[in-house]
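Chain letters run A, B, ... following the sequence lines, proteins first, then strands; residues in each count from 1.
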Amino acid sequence: MASPEIAVSIDQVVKRYGGFTALHGVSIDIREREFFTLLGPSGCGKTTLLRAIAGFEDVNEGRLLLKGVDITNLPPHKRPVNTVFQQYALFPHMTVFENVMFGLLRKNWIQSEAQRRVQDVLEMVQLSDFASRKPAQLSGGQQQRVALARALAPRPQVLLLDEPLSALDLKLRQAVRSELKALQRETGIAFIFVTHDQEEALTMSDRVCVMSNGRVQQIGSPKDVYEAPVNRFVADFVGETNLLEVTVNKIKDGLASVALPGGNAFECPAAAVVDPGVGHLSVRPERIKVTADGQGDLDAVVTGHTYLGTDIQLLVRLADDEVMSVRLQNSQTTEIPEQGAAVGLVLEAGAARLLAD
Amino acid sequence: MAAKIDLRRFPGFLGITLICLVVLYAPLIIVAVYSFNDSTSITNWGGATLNWYVDVFTGPESPKFQQAALNSLIIAVCAAGAATCIATAAAVAMTRAGRFRGKTLSFALINLPLMVPEVVTAVASLVFFSAIGFTNGLFTILIAHTVFCIPFAYLPISARMQSISDVYEQAAMDLYATPREAFTKVLLPLMMPGILSGSLLAFIISLDDFLITNFVKGAGVETLPTAIFGAVKQGIKPNIMAISTLMLGVSIVFVTLSWLVGRVGQNKQK
C-alpha cells in the first residue's frame, strides 16, 4: 500500500524552557483528512506541540513540515493553519460577522467573495442569524461555533483545536463532538485536536497520540490504544484499568505465560518490549466476569459497590490485598454479590495484557 | 461576606468623618457659593448674582484670563496627547515583552514623577532648560507637562492592558494578521477605554498644574493657574472665585468621564 499523504510532519522536535524540556524529540506524521488527537495529562507537552505547529512557540531542534513545506521558521501569520483556541479568543469589539471575516481580509480576499464565504461558514455552524451580534451576547456553545467558523473560513490546510470543548457543559460537549466530527469530514482537512479527556479522544479520533512528559507514548486508532496499550502509562490513562503485578514465566510470539496472584497460570498477549520476570498485567474492569468462589482465574472478596447508572462498579480484594475494580452492566438479570462474599473472577479472552513498566 | 465590619460602630466614626469632609470640601463649597455673591466683599453675602461669571468673559481682566485659558488648553491637549502615546507604548512593552533586563527599573522610572517632590522637578526642569539654552515659554511648559503626565496616563492604560489576554493577538496572527495589524486592529481597540481614561486624566493634571508651570514659564506667558495666582496676589476678587468654580466644574467633568470610560470598557470585557 502506498503511504497515505502526510498533512503535517513533526520531525524530532525538541522544545526547552530554560532547564525544563517540554518536548523530547517528538516525531509524528499526521495524515491528510484525518482527525488526529493529541491526548495526555496537563503538562505532557500536547499544547506546546500544537502551539509549535501554529507558530506561537519556537522549537529548539527538529523540523515542522506542512504538506512537505518546511514551516519551522515561519511566523504564525505566514502559516496556512488556523487555530480554535481553548477560550475561543473571539475579538470582543467585533461582531460575529467581522470576526469570521477577519482572516479573509488579512489574506486579501475580494470583498464579495469574502462575504459569501463568511455566510457559508456561518451557515455551516448554524449561526447565520447571529452574524450581527457581539461575542458577549452569545452562549458558550455559540461562541465555540463562531471560533470554529472563524478558523475554517480562510480554508486552512490543517485545523488546530486546543481543548475547544473544555469550557462547555457535559450535555453540550457530547453534542458538539459529533458536530465536530461531521465538520471534519465535510471540510476534508486534517484536524489536530488537543485534549486531556480520553473519552473525547476515543469517540472522535481516527488516530490518537498518547503523550506524557514530553514524549510520544503510543500512536494508534482508538481501539489500538484502548485494547492494546504499549505500556502502563497508556493503559492507565486511556480508560479505567486494573494493574496487577504478576510473575512472567515465558514470552513467545507475543504471548506471555504468567502466574497470577494466587498462583493460577494464565496466558495473554504481551506488549512488544516485555522481558520475563516481574511484569504488570492490565485488566479492563468491564472484561471481568464474576463467578463462584474457586471457579475463576482469581479469588477475591467483595469489599463494596458503587452505583454508576449504566454500570455497577464492584470493588474486590485479592488474596495479596490488592484491590481491583470490576464493572457489571446494570441489567435486570445482573446478580450483585453481597459485600464480604467470596467470589471467583474470570478474565475474558482479550481482557488482560502484559505491559512494559 | 458575613464578616463585614460595621464602620459606624467604630468609636469616633462620625466625628472623624465630619472633620475630614469639612476640611476637604468646605473651602470648595464656600468658593463656589461666593462666586454667586452680589458684593465686592468676599465675606459678606449680598444676594445672588451671575455678574462675576459675566465679568470673567467680558470684564476688564477677561482678555488676560482668556489668553491664559487658551494657553492652558493648548498645553493640556498637547501634553496629554504626547504623554498618552508614550504611556501606551510603555504599557505595551511592560506587559507584552515578558521579562527583560531592567524591567523593574523601567517601571520605577515611568512612575518616578509621582514620587519626586514637585518642587524638585520644577527646580530641576528650570535648571535643565537654562543649561541647554532653551528660552522659557509655551514649549518648555509643554515638555515639562508631558513628563509629569506620563505616569498619570500610564496607570489606567497599564491596568487595562493587564486585563487583555495575549491570546487575542495570537488569534489575530493566527488569522494572517501581521504583528502590526494585530496591534492596530485588535490590541489597540481593546486598549482604547484605558487610553481614553489615561488621556483624560493626563489632560486634567496638566490643566491645573501650578508649581512646575510657574518655574518653567517664560516672562509674560501665563496659564490659567498662574494667572489666577497672579491675580490673587493683588487681592482676592469674586471673579477669581468664578474662574475657580469653572475650573472645578471642568475638572469634575473630566475625572468623572475618565472613570466612566474606564468602567464601561471593563464591563464590556466580561
Side-chain angles (χ1 to χ4, degrees), chain A residues 17-18 47 50-51 53-57 74-95 98-109 114 118 134-137 143 146-164, chain B residues 84 88 91-93 95-104 156-199 260-270:
Chain A
Y17 296 102
T47 298
L50 195 81
R51 291 172 57 82
I53 299 171
F56 301 130
E57 304 281 354
L74 284 184
H77 65 276
K78 293 195 176 151
R79 301 188 185 198
V81 297
N82 289 136
T83 309
V84 178
F85 292 87
Q86 187 169 11
Q87 300 300 328
Y88 315 141
L90 299 176
F91 306 130
H93 58 298
M94 298 183 194
T95 64
E98 289 164 339
N99 262 282
V100 180
M101 189 84 155
F102 189 86
L104 304 181
L105 292 183
R106 304 285 85 70
K107 280 187 95 181
N108 297 319
W109 280 46
V118 173
K134 288 278 178 73
Q137 298 168 297
Q143 291 183 20
V146 176
L148 255 175
R150 185 178 72 172
L152 285 171
R155 299 190 194 281
Q157 296 188 7
V158 171
L159 186 72
L160 310 175
L161 302 105
D162 184 10
E163 308 216 20
Chain B
T84 305
T88 304
V92 172
T95 45
R96 284 298 186 265
R99 277 189 225 148
F100 56 89
R101 267 167 55 134
K103 184 168 180 174
T104 313
I157 297 174
S158 136
R160 171 80 191 167
M161 188 69 194
Q162 259 144 28
S163 72
I164 304 173
S165 161
D166 62 358
V167 77
Y168 293 112
E169 292 135 270
Q170 288 178 5
M173 287 192 271
D174 188 64
L175 292 160
Y176 314 108
T178 59
R180 189 198 175 90
E181 287 171 320
F183 179 72
T184 56
K185 306 244 180 241
V186 174
L187 187 57
L188 207 54
L190 292 178
M191 288 175 75
M192 208 33 98
I195 293 175
L196 275 178
S197 175
S199 64
L260 281 178
V261 167
R263 211 178 60 137
V264 163
Q266 217 97 80
N267 288 347
K268 242 185 213 166
Q269 267 265 295
K270 281 173 192 165

**Item:** Residues in residues 149-159 of chain A near chain B [non-hydrogen atoms, under 4.5 Å]
**Value:** A/Arg150, A/Pro154, A/Pro156

**Complete:** Between B/Tyr168 and A/Pro92, the two heavy atoms sitting closest are CE2-CD, 3.6 Å

**Asked** Is it true that atom NZ of A/Lys78 has more than 12 heavy atoms of other residues, nucleotides or ligands lying nearer than 6.0 Å?
**Response** no

**Prompt:** chain A heavy atoms under 4.5 Å from B/Ala172: which part of the residue, side chain, backbone, both or neither?
**Reply:** both

**Asked** chain B: which of A/Gly55, A/Pro80, A/Gly103, A/Pro76 shares the most heavy-atom pairs with it under 4.5 Å?
**Response** A/Gly103

Distance-only check: which donor-acceptor pairs under 3.5 Å involve side-chain atoms of residues 173-181 of chain B, not counting sequence neighbours?
{"from": "B/Asp174", "atom 1": "OD1", "to": "A/Thr83", "atom 2": "OG1", "distance (Å)": "2.9"}
{"from": "B/Asp174", "atom 1": "OD2", "to": "A/Thr83", "atom 2": "N", "distance (Å)": "2.5"}
{"from": "B/Asp174", "atom 1": "OD2", "to": "A/Thr83", "atom 2": "OG1", "distance (Å)": "3.4"}
{"from": "B/Tyr176", "atom 1": "OH", "to": "A/Asn82", "atom 2": "OD1", "distance (Å)": "3.3"}
{"from": "B/Tyr176", "atom 1": "OH", "to": "A/Asn82", "atom 2": "ND2", "distance (Å)": "3.4"}
{"from": "B/Thr178", "atom 1": "OG1", "to": "B/Glu181", "atom 2": "N", "distance (Å)": "3.2"}
{"from": "B/Thr178", "atom 1": "OG1", "to": "B/Glu181", "atom 2": "OE1", "distance (Å)": "3.4"}
{"from": "B/Glu181", "atom 1": "OE1", "to": "B/Thr178", "atom 2": "N", "distance (Å)": "3.0"}
{"from": "B/Glu181", "atom 1": "OE2", "to": "A/Arg106", "atom 2": "NE", "distance (Å)": "3.3"}

**Asked** Looking at A/Phe56 and B/Gln170, what are the two nearest heavy atoms and their distance?
**Response** CZ-O, 3.3 Å

**Request:** Could you tell me which portion of A/Leu90 (side chain, backbone, both or neither) has an atom closer than 4.5 angstrom to a non-hydrogen atom of chain B?
**Result:** backbone

